[in-house]
Amino acid sequence: MSNQLKAITLTHVRYFKGDQLGCFLAWISLVPVFISLGGFVSHFLFRRELQGMFFALGLTISQFINEVIKTNVQQARPETCVLLEMCDSHGWPSSHSQYMFFFATYLTLLTYKKFGILFRKQMLLVALVIWPLALLTMYSRVYLGYHTVAQVFAGAGLGIFLGGLWFWVVNSIFRGFFPVIEESFFGRWFYVKDTSHIPNLLKFEYENAIAARRHSSYKRAD
């Protein structure tokens, strides 16, 4: 039995004490964790949209591809990995960069096509928030010493490619099966739905909520 200990590094990001920029970038480096645990888990609990579920599935597949590539290429991290205690893992391509650029690419296309709860007016928000976060995440991995410049650019490029490809696959192939999924046992049990065909979902939900309140069959029996 080996006496060596290995840490789970999901939320373990190091920076030099007193380095305010490093502290900020360390938090930025955790954005993929917040998106996964906070964003997509909350989305499933409260929205259960098929677009969002396939979005999360695509990110999962992307990260699996990243691990396969890392395992086969086995490119070492920069020398700073000794201080970070990360030398036992591989660095090419950067999984954080790949995650964020996949996320930014897919969300941009989703917003532009007005699929789901997002619509084109929110493109400015995507441009001013999501893409800067992706770039800052990429920069943080180099600044904090976890990756080289080549490793983060490789992750970003692969993320953009896979994000665009997965968006095409979902909305050109899988989207035709969304009604079948909605009416399946799984769909009915978990109230899974697709609202990407509704032009303005917020207005639709608002109007239907008011109409339901006025309808006697929807009133609660207190």
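The structure places OG1 of Thr105 at 11.5 Å from CG of Leu165, a figure rounded to the nearest 0.5 Å. Annotation: the span from Phe102 atom CZ to Asn66 atom CG amounts to 12.0 Å, rounded to 0.5 Å.
No side-chain heavy atom of Phe54 sits less than 4.5 Å from a side-chain heavy atom of Asn171. A 4.5 Å side-chain heavy-atom check between Phe40 and Leu59 finds at least one atom pair inside the cut-off. Here the side chains of Leu136 and Met100 are not in contact, with every heavy-atom distance at 4.5 Å or above. Two residues are said to be in side-chain contact when any heavy atoms from C-beta on lie closer than 4.5 Å; Ser89 and Lys70 fail this criterion. Using a 4.5 Å heavy-atom cutoff, the side chains of Asp194 and Pro179 are not in contact. Two residues are said to be in side-chain contact when any heavy atoms from C-beta on lie closer than 4.5 Å; Gln98 and Ser62 meet this criterion. Contact of the Phe161 side chain with the Phe101 side chain is not registered, since no non-hydrogen atoms from C-beta on lie closer than 4.5 Å. Taking the side chain as every heavy atom from C-beta outward, His90 and Gln75 never approach each other to under 4.5 Å.
A 6.0 Å sphere centred on CD of Glu79 holds no more than 12 heavy atoms belonging to other residues, nucleotides or ligands. More than 12 heavy-atom neighbours from other residues, nucleotides or ligands sit within 6.0 angstrom of CZ on Phe34.
The aromatic rings of Phe190 and Phe186 sit tilted relative to each other, their planes meeting at an angle between 30° and 60°.
The list of ring-ring contact (aromatic ring centres under 6.0 Å, His included) pairs with a residue in residues 141-160, not counting sequence neighbours, reads Tyr139-Tyr143.
Arg14 pairs by the salt bridge (Lys or Arg N to Asp or Glu O under 4.0 Å) definition with Glu85, not counting sequence neighbours.
Looking at every heavy atom in both residues, Leu50 comes nearest to Ile181 through CD2-CG2, 3.7 Å. Smallest separation of non-hydrogen atoms from Gly155 and Pro93: N-CB, 3.5 Å. Considering all non-hydrogen atoms of both residues, Glu182 and Val192 come closest at CG-O, 3.8 Å. Here the closest heavy-atom approach between residue Gln151 and residue Ala76 is recorded as NE2-O, 2.9 Å.
Residues Phe55 and Phe167 keep their aromatic ring centres 6.0 Å or farther apart.
In terms of hydrophobic clustering, with Ile, Leu, Val, Met, Phe, Trp and Tyr side chains grouped at heavy-atom distances under 4.5 Å, Ile160 and Val129 are assigned to a common cluster. In the hydrophobic clustering of ILVMFWY residues, with side-chain heavy atoms under 4.5 Å counting as a link, Ile173 and Met53 come out together. Tracing side-chain contacts under 4.5 Å through hydrophobic residues (I, L, V, M, F, W, Y), one reaches Leu21 starting from Leu133; they form part of the same cluster.
A donor-acceptor pair is defined here as one N or O able to donate and one able to accept, closer than 3.5 Å; such a pair exists between the side chain of Thr80 and the backbone of Gly145. Of the possible donor and acceptor atoms, none in the side chain of Glu207 sits under 3.5 Å from a partner among the backbone N and O of Phe204. Distance alone, capped at 3.5 Å, places no donor-acceptor pair between the Gln51 side chain and the Thr195 backbone.
Members clustered with Phe64: Val68, by chain and number, using a 4.5 Å side-chain heavy-atom cutoff among hydrophobic residues.
Counted by atom type alone, Thr108 and Trp131 present one or more donor-acceptor pairs between their side chains at under 3.5 Å.
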Self-check item: Working for side-chain contact (heavy atoms from CB on, under 4.5 Å), residues His96 and Ser29
Solution: CA-CA 7 Å; His96 282 70; Ser29 190; 3.8 Å; yes
Practice problem: Step by step, work out the side-chain contact (heavy atoms from CB on, under 4.5 Å) result for Ile35 and Tyr99. | Solution: CA-CA 10 Å; Ile35 291 174; Tyr99 184 104; 3.4 Å; yes
